[in-house]
Amino acid sequence: MQQYKKRTHTCGQLRASDIRKQVTLTGWVDKRRNLGGLIFVDLRDRHGITQIAFEPDRSGACYELAKSLRSEFVISVSGSVVSRPEGQANKSMPTGEIDVEATELAILNKAETPPFPIEDSIDVTEDLRLKYRYLDLRRPIVQKNLLVRHRAYQVARSYFDRNGFIEIETPILMKSTPEGARDYLVPSRIHHGKFYALPQSPQTYKQILMVAGFDRYFQIVKCFRDEDLRADRQPEFTQIDVEMSFVDENDVLAITEGAIKEMFGSVIGVDTPIPFPRMTHKEAMEQFGSDKPDTRFEMKVGIFSEVVAESGFRVFSEAVKNGGIVAGICAPGAATYSRSQLDGLTDLAKTLGAGGLVYLKLQGDSIECSASKFVTAEETKKIAEALKAKSGDLVLIITGPWQKALTILGSLRLEMANRLNLIPHNKWNFLWVTDFPLLEFSEEDKRFVAVHHPFTSPKLEDIPLLDKDPAKARARAYDLVLNGTEIAGGSIRIHDSALQTKMFGLLGINEAEAKMKFGFLLEAFKYGAPPHGGIAFGFDRIVMYMTGSKSIRDVIAFPKTTSAMSLMDDSPSSVDLKQLEELHIRIV
RNA sequence: GGGGUCGUAGCUCAGCUUGGUUAGAGCGUCUGCCUGUCACGCAGAAGGUCGAGGGUUCGAGUCCCUUCGGCCCCGCCA
């Protein structure tokens with residue numbers, strides 16, 4: 001260890017107005033340029049870069065020491081701020097008008113050559129960045145992302161505080177509950193054979209906080225889900241969790257809109273007009289083939305089942321007869337697609353679960369149909385009209401059950417929009433999707449499962465449907481969508497013990513099981529539960545959008561790979577047998 | 001669980017189709033020269049378990065099998 005001079009300024013701070021000041025800077029050697037009799041060093045900290053000049057006649061002994069400097073050495077440099085010679089200013093740098101002419105140099109730590117350069121535009125594989133995350137995090141662009149994240153935390157906290165919300169921490173070690181995502185389990189040492197779970201969300205706790213009378217709660221909180229990963233999904237992620245008492249949907253939506261407006265406005269200067277447009281789940285599906293529609297571009301889905309209900313083409317008529325739909329999208333200007341491109345789209349549709357893909361190519365007055373043997377010219381004309389297709393367009397048609405056919409079309413819509421470059425990247429399209437179905441039938445489990453979660457209230461007018469036709473019941477649930485990504489979701493909850501018990505029954509959870517798994521909540525509801533509802537924001541995704549990142553990993557300091565590994569510290573990892581014994585666990 | 005794609009020098013990649021001298025390039029690194037560079041310049045050098053294991057073959061970076069890992073997607077994600 002050595003004594004060294006503490007910095008008087010940061011590396012992004014000095015300007016021409018500081019000339020003749022004696023200063024000390026500390027930081028990392030970003031670049032060194034040894035011109036023989038003169039050495040330049042770019043010194044970097046998180047605030048910026050300042051050029052240090054070492055001249056033999058003025059710098060003396062420290063010039064000799066400067067010869068040994070290499071990339072990423074940590075140094076402390078003292079000297080005077082000088083103006084650069086005429087014509088030598090670097091206009092692309094904020095500090096580019098000055099140099100610090102060194103008179104003292106202390107090497108605080110040497111460094112090995114990093115496996116990749118510490119700069120914004122690097123071309124390396126992501127696993128390397130993740131393995132050396134501490135070096136990746138030195139890169140200005142990554143630091144900027146985390147600064148945006150920091151600003152977003154602060155704005156969110158301030159907003160909810162000002163609006164009367166109370167920040168309360170809920171347990172990380174909690175009871176494992178059925179329903180929903182797979183839990184991460186934590187074995188109990190004290191209680192033989194028993195396990196905690198890490199929260200998928202603080203859902204039950206926040207509802208109980210409402211029973212406790214806290215009225216308005218929020219928390220910026222880690223959630224854990226042991227499911228497969230994606231570019232926008234990590235096993236542990238951060239939510240802004242919100243719950244309010246004595247509210248309806250409009251109250252929650254309004255608070256959320258305020259939060260989003262403030263966050264996007266004050267963190268990245270994007271003005272978001274509120275209130276956001278609303279669309280029912282049915283509308284979203286039937287127009288965009290998605291429950292999180294990207295409305296930055298049109299190419300809406302069109303359903304034309306009635307046009308082809310009597311078609312001689314059995315694929316069409318049978319689909320309608322079986323209660324399904326025939327629908328399509330119109331890709332503008334894609335009639336030039338080659339056979340192999342169309343085969344590629346057909347393959348894509350099939351991997352998404354379609355039986356096949358029928359297409360129409362419109363060129364001039366003629367319409368070429370891939371099923372022209374069976375589909376009449378009259379029918380193709382009507383289909384083209386239904387989708388408002390023009391000459392030069394390509395129509396893609398999918399048949400099948402409502403949900404499935406529309407979902408596939410939704411994927412094709414995004415695929416074609418990407419291929420045809422139809423997505424304007426400067427738009428911020430926020431959108432509420434409401435009136436989700438309450439339940440959906442799980443073929444895997446042969447029972448109904450909650451679309452949102454088991455505590456979501458049905459729409460009041462749909463409560464009678466719970467007995468007659470549960471699949472038709474709609475939920476008091478809402479999702480906030482930004483440019484085709486769900487960034488928040490919530491609902492008005494059930495606050496009545498009897499209705500909650502009924503809901504569990506519909507989900508195939510019998511009374512004994514409900515009591516065992518959720519007894520504490522049902523019990524709490526018996527002691528004066530206020531009507532309540534809330535929402536949770538996908539914080540990482542929001543920051544991803546704010547920073548223009550392509551992956552959630554770019555806005556998380558220490559993310560995991562798509563196989564849920566941390567390459568830097570190599571977790572998960574094996575543990576000592578002794579640890580397992582203490583936990584009464586054996587690996588099989 | 002499934003599909004796609006990638007893995008060769010510190011890094012980014014070429015070589016693989018059609019097996020055959022000593023596996024190449026750029027960047028970086030190291031050494032020398034160089035007093036106004038900022039992608040410094042010039043000259044030279046070092047640097048490889050071709051992800052791992054097995055197989056076919058006289059011979060494998062190249063062909064086959066298995067496996068590990070990265071990324072994207074489907075399923076999954078109340």
Side-chain angles (χ1 to χ4, degrees), chain A residues 30-42 49-59 63 70-71 82 84-93 95-96 99 101 112-117 119 121-132 177-183 199-201 203-204 223-235 237 344 347-354 407-408 411 414-415 436 438-440 442-445 448-456 475 477 486 489-491 503 507 509 518 536 538 550-551 553 560-563 565 567 570:
Chain A
D30 194 63
K31 284 265 168 54
R32 118 202 101 97
R33 289 176 293 278
N34 187 342
L35 273 60
L38 172 65
I39 298 171
F40 292 110
V41 163
D42 288 341
I49 289 177
T50 297
Q51 177 166 278
I52 316 294
F54 294 90
E55 297 197 40
D57 43 347
R58 267 169 284 196
S59 304
Y63 166 77
R70 295 293 181 272
S71 287
V82 299
R84 293 194 187 180
E86 187 72 26
Q88 292 298 331
N90 185 338
K91 292 195 173 60
S92 61
M93 290 173 72
T95 61
D99 287 332
E101 209 168 71
E112 290 184 16
T113 303
F116 51 83
E119 59 193 33
S121 47
I122 55 169
D123 183 18
V124 292
T125 51
E126 199 172 345
D127 49 328
L128 198 74
R129 291 176 51 201
L130 292 179
K131 184 177 175 190
Y132 299 95
T177 54
E179 300 293 306
R182 201 175 287 119
D183 281 330
Q200 298 170 27
S201 84
Q203 185 62 36
T204 49
C223 301
F224 306 86
R225 295 178 188 175
D226 188 3
E227 298 292 346
D228 288 344
L229 280 58
R230 288 286 190 284
D232 62 356
R233 273 168 28 193
Q234 282 273 303
F237 61 99
D347 286 344
L348 174 64
K350 283 180 178 168
T351 61
L352 295 169
T407 304
I408 294 165
S411 300
L414 289 177
E415 174 69 20
F436 279 77
L438 185 68
L439 303 163
E440 66 183 339
S442 163
E443 290 298 336
E444 191 188 339
D445 300 336
F448 282 111
V449 294
V451 168
H452 186 55
H453 59 49
F455 317 107
T456 298
E486 180 197 336
S491 63
M503 186 68 183
L507 297 170
I509 304 172
F518 298 111
K550 287 203 168 58
S551 160
R553 293 183 297 273
K560 295 186 173 52
T561 68
T562 49
S563 65
M565 295 214 301
L567 297 179
D570 194 32

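Chain A is the first sequence line, chain B the second, and so forth, proteins listed ahead of strands; every chain is numbered from 1. Every heavy atom of this structure was used, including side-chain atoms; hydrogens, water molecules and symmetry mates were not.
Checked by distance alone, A/Arg225 brings no side-chain donor or acceptor within 3.5 Å of a matching partner on the base of B/C76. Checked by distance alone, A/Asp42 brings no side-chain donor or acceptor within 3.5 Å of a matching partner on the base of B/C38.
The separation of B/C30 from B/G24, taken at their P atoms, amounts to 24 Å, rounded to a whole angstrom. B/G2 and B/G10 are spaced 34 Å apart, taking the P atom of each and rounding to whole Å. Taking the C1' atoms as reference points, B/G51 lies 22 Å from B/G3, given to the whole Å. The same atom, P, is picked in B/U31 and in B/G47; the two are 16 Å apart, to the nearest Å. Atom name C1', nucleotides B/G28 and B/C11: the rounded distance is 7 Å, in whole Å. If you take atom C1' in B/A52 and the same atom in B/U8, they sit 14 Å apart, rounded to whole Å. A distance of about 15 Å separates the P atoms of B/C6 and B/U62, rounded to the whole Å. The P atoms of B/A46 and B/A23 are separated by 14 Å, rounded to the nearest whole Å.
Regarding contacts with the backbone of B/G70, a side-chain N or O of A/Ser563 is found under 4.0 angstrom from either OP1 or OP2. Put simply, A/Thr561 has no side-chain N or O that comes within less than 4.0 Å of OP1 or OP2 on B/G69. Taking only side-chain nitrogens and oxygens, A/Arg33 never comes nearer than 4.0 Å to OP1 or OP2 of B/U37. Residue A/Gln88 places none of its side-chain N or O atoms closer than 4.0 Å to OP1 or OP2 of B/C38. Using a 4.0 Å cut-off, some side-chain N or O of A/Arg230 falls inside it from OP1 or OP2 of B/C74. Look at A/Thr113 and you won't find any side-chain N or O under 4.0 angstrom from OP1 or OP2 of B/G28. Residue A/Arg553 has a polar side-chain atom (N or O) positioned under 4.0 Å from OP1 or OP2 of B/C72.
Residue A/Asp99 contributes atom CG, which lies 17 Å from atom P of B/U35 at whole-angstrom precision. Counting to the nearest Å, the P atom of B/G41 and the NZ atom of A/Lys31 are 11 Å from each other. One interatomic measurement links the two molecules: CD of A/Glu179 to P of B/C76, which rounds to 15 Å at whole-angstrom precision. In this structure, CG of A/Leu352 is placed 16 Å from P of B/G3, rounded to the nearest angstrom. For the pair A/Leu567 CG and B/C68 P, the computed distance is 16 Å after rounding to whole Å. Here B/C6 presents its P atom at 16 Å from CG of A/Asp123, a figure rounded to the nearest Å. Rounding to whole angstrom units, CG of residue A/Leu414 and C1' of B/C74 are separated by 14 Å. Whole-Å rounding puts the A/Asn34 CG to B/C33 P distance at 10 Å.
Contact annotation for A/Asn90: base contact, defined as any heavy-atom pair under 4.0 Å involving a base atom. Residue contacts shown for A/Phe116 are absent, as no nucleic acid heavy atom lies under 4.0 Å away. Backbone-only contact: A/Arg32 has heavy atoms under 4.0 Å from sugar-phosphate atoms and none from a base. Nucleic acid contact for A/Leu128: sugar-phosphate only, since backbone atoms but no base atoms lie under 4.0 Å from a heavy atom of the residue. Contact annotation for A/Pro85: base contact, defined as any heavy-atom pair under 4.0 Å involving a base atom. Within 4.0 Å of A/Val124, counting heavy atoms only, lie sugar-phosphate atoms of the nucleic acid but no base atom. Nucleic acid contact for A/Arg182: none, since no nucleic acid atom lies under 4.0 Å from a heavy atom of the residue.
Note on A/Arg33 versus A/Asp42: salt bridge recorded, some NZ/NE/NH1/NH2 to OD/OE distance being below 4.0 Å. Look at A/Glu227 and A/Arg233 and you find no salt bridge, because none of the NZ, NE, NH1 or NH2 atoms lies under 4.0 Å from a carboxylate O.
Closest to the side chain of A/Leu35, out of B/G36, B/G69, B/U29, is B/G36. Listed candidates were B/C71, B/G36, B/C76. Nearest to the side chain of A/Thr562 is B/C71. Side-chain proximity of A/Pro115 to the nucleotides B/U31, B/G10, B/C13 is greatest for B/G10. Side-chain proximity of A/Met565 to B/G70, B/U29, B/G36: nearest is B/G70.
Here SG of A/Cys223 is found 10.0 Å from CD of A/Gln203. Values are rounded to the nearest 0.5 Å. Here the CG-CE distance, from A/Leu439 to A/Met503, works out to 4.5 Å after rounding to the nearest 0.5 Å. With rounding to the nearest 0.5 Å, the separation of CD in A/Glu440 from CZ in A/Phe448 is 10.0 Å. The CG atom of A/Asp232 sits 8.5 Å away from atom OG of A/Ser551, with the distance rounded to the nearest 0.5 Å. With rounding to the nearest 0.5 angstrom, the CD1 atom of A/Ile408 is 12.0 Å from the NZ atom of A/Lys350.
Between A/Asp127 and A/Gly96, the residue anchored closer to the 5' end of RNA chain B is A/Gly96, taking for each the nucleotide with the nearest heavy atom. For the pair A/Asp228 and A/Pro56, both in contact range of RNA chain B, the more 5′-proximal nearest nucleotide belongs to A/Pro56.
Within the 4.5 Å cutoff, the side chain of A/Glu179 has no heavy atoms near those of the A/Gln200 side chain. Side-chain contact between A/Leu229 and A/Thr561 is absent, with no heavy atoms from C-beta onward closer than 4.5 Å.
Using the Watson-Crick or G-U wobble rule with both distances under 3.5 Å, B/U18 pairs with nothing in any strand shown. The pairing partner recorded for B/C27 is B/G10, the criterion being a Watson-Crick or G-U wobble arrangement whose two distances lie under 3.5 angstrom. Across the strands present, B/C42 finds its partner in B/G32; the criterion is a Watson-Crick or G-U wobble pair with both atom distances under 3.5 angstrom.
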